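Read the structure below first, then the notes.
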Amino acid sequence: MSLEDTRMYARRGDTVVLVGESEAAVAALKAEGPDHTVIVRSAVEAAALDVPRPERISFVVQPGLPAEEAMPVLAALRERFPLLRGHHFDALCHRSSDRTAAASVASTGADVALVLGEPADADSARLARACLPAHRTRIVDRLDQVGPGLIESATTIALVPARTAPARLASAVERALTGLGPLTVISRSVSSRPGILRPACETPC
């Protein structure tokens, strides 16, 4: 959807604001209209943005960017450019928001939180920030990183898979933990279901 949107907005002559975390994250989108696109990473950058034709501006949000991170940027863009156009807000990524919320819920009360994913990945870092307690949260991408020093005296361990989690790492960690004694696994998830509410009719419809 985002690729098609970027291509369509650029072809009709709009400046396309790509709301994303980094140029690398939106490189494919920028390629659809390199002469018509600008990357905005924060509400501060949005508030200072200048474009050639303020009446011809649209936005596209990087796929996977959580809705709560995109909304402040979009609010700042709309404040500066009242004629801003773009896709409906129900197209924002609530799945990433749900995963962040689930990480917070799953880690609350845990002695250790292990985020399974690449340490340099933005998604891994986001999930790690959501975990509590922060001082006992680690990002790991290999089983040998889960050593005794990391889980010593822990009775409850939260496993939080990031998008870059190696295949079967979660199950490998669970199997390894069974070597410490009986293991109970509890799965937690958060699910948002966007919907559009229509205005109520003041007179019988």
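Values in this document were obtained by computation on a predicted structure and should not be read as measured data. Residues take their numbers from the sequence shown, with the count starting at 1.
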(request) Determine whether Leu83 and Leu77 fall in the same hydrophobic cluster, where Ile, Leu, Val, Met, Phe, Trp and Tyr are linked whenever their side-chain heavy atoms lie under 4.5 Å apart. (result) no

(message) Taking Ile186 as the starting point, is it possible to reach Val190 by hopping between hydrophobic residues whose side chains are less than 4.5 Å apart?
(response) no

(message) Looking at every non-hydrogen atom in both residues, tell me the closest pair between Leu65 and Ala70 and how far apart they are.
(response) CD2-CB, 4.0 Å

(message) Is the shortest side-chain heavy-atom distance between Ile151 and Leu180 below 4.5 Å?
(response) yes

(message) Would you say Ile57 ends up clustered with Val19 if hydrophobic residues are merged whenever their side chains have heavy atoms under 4.5 Å apart, either directly or through other cluster members?
(response) yes

(request) Find the distance between CG (Asp141) and CG (Leu116) and round it off to the nearest 0.5 Å. (result) 9.5 Å

(request) Find the distance between OG (Ser104) and CZ (Arg129) and round it off to the nearest 0.5 Å. (result) 13.0 Å

(request) Examine the side chains of Arg12 and Ser58 and answer whether a donor and an acceptor come within less than 3.5 Å of each other. (result) yes

Could you go through residues 161-169 and list every donor-acceptor pair under 3.5 Å that involves a side-chain atom there, pairing it with any protein atom two or more places apart or in another chain?
unit_1	atom_1	unit_2	atom_2	d
Arg163	NH1	Ser96	OG	3.3
Thr164	OG1	Glu118	N	2.9

(message) Using a 6.0 Å cut-off, check whether atom CD of Glu79 has over 12 heavy atoms from anything other than its own residue.
(response) no

(request) Give, for atom OG of Ser2 and atom CG of Leu29, the distance between the pair rounded to the nearest 0.5 Å. (result) 5.5 Å

(request) Drop me the distance from Leu84's CG to Arg78's CZ, to the nearest 0.5 angstrom. (result) 5.0 Å

(request) Heavy atoms only: give me the nearest Pro54-Pro52 pair and the separation to one decimal. (result) CD-O, 3.7 Å

(request) Compare every heavy atom of Tyr9 with every heavy atom of Phe59, then report the nearest pair and how far apart it is. (result) O-CE1, 3.5 Å

(message) Contact between Phe81 and Leu49 at the side-chain level, heavy atoms closer than 4.5 Å - yes or no?
(response) yes

(request) Please tell me if the side chains of Leu18 and Val40 come closer than 4.5 Å, counting only heavy atoms from C-beta onward. (result) no

(request) State whether Asp50 and Arg80 are salt-bridged, where the test is any N-O pair (Lys NZ or Arg NE/NH1/NH2 against Asp/Glu carboxylate O) under 4.0 Å. (result) yes

(message) Let me confirm one number: the CE-OG distance from Met71 to Ser97, rounded to the nearest 0.5 Å.
(response) 10.5 Å

(message) Can you confirm whether Asp98 sits close enough to Ser189 that some side-chain heavy atom of one is under 4.5 Å from a side-chain heavy atom of the other?
(response) no

(request) Give the minimum heavy-atom separation between Ala158 and Ala106, together with the two atoms involved. (result) CB-O, 3.7 Å

(message) Going by side chain to side chain contact (heavy atoms under 4.5 Å, CB included), Leu127 matches just one of Thr100, Ile139, Thr137. Which one?
(response) Thr100

(request) Spell out, yes or no, whether Leu132 and Val115 are grouped together once hydrophobic residues are joined by side-chain heavy atoms under 4.5 Å, including indirect joins. (result) no

(request) List the steps and the verdict of side-chain contact (heavy atoms from CB on, under 4.5 Å) for Val38 and Val16. (result) CA-CA 6 Å; Val38 58; Val16 185; over 6 Å; no

(request) Answer yes if Val44 and Val17 sit in the same cluster of Ile, Leu, Val, Met, Phe, Trp and Tyr residues linked by side chain heavy atoms under 4.5 Å apart, and no otherwise. (result) no

(message) With a 4.5 Å cut-off on side-chain heavy atoms, are Leu74 and Val61 touching?
(response) yes

(message) Under a 4.0 Å threshold between the charged nitrogen and the carboxylate oxygen, would Asp111 count as salt-bridged to Arg136?
(response) no

(message) Pair Asp14, Arg85 - check side-chain contact (heavy atoms from CB on, under 4.5 Å), show working.
(response) CA-CA 9 Å; Asp14 289 6; Arg85 295 182 287 184; 3.3 Å; yes

(request) Please determine if Asp123 and Arg126 form a salt bridge, counting it only when a charged side-chain N lies under 4.0 Å from a carboxylate O. (result) yes

(request) State, with a plain yes or no, whether a side-chain heavy atom of Thr15 is found less than 4.5 Å away from one of Arg53. (result) no

(message) So for atom CZ, which belongs to Arg95, do other residues, nucleotides or ligands contribute more than 12 heavy atoms lying within a distance under 6.0 Å?
(response) no

(message) Please find the pair of heavy atoms, one from Ala76 and one from Ala46, that lie closest to each other, and give the distance.
(response) CB-CB, 3.8 Å

(message) Could you measure the distance from the CE atom of Met8 to the CG atom of Leu3? Nearest 0.5 Å is fine.
(response) 12.5 Å

(request) Starting from the C-alpha separation in whole Å, work towards a yes-or-no answer on side-chain contact (heavy atoms from CB on, under 4.5 Å) for Val112 and Leu114. (result) CA-CA 7 Å; Val112 175; Leu114 302 179; 3.7 Å; yes

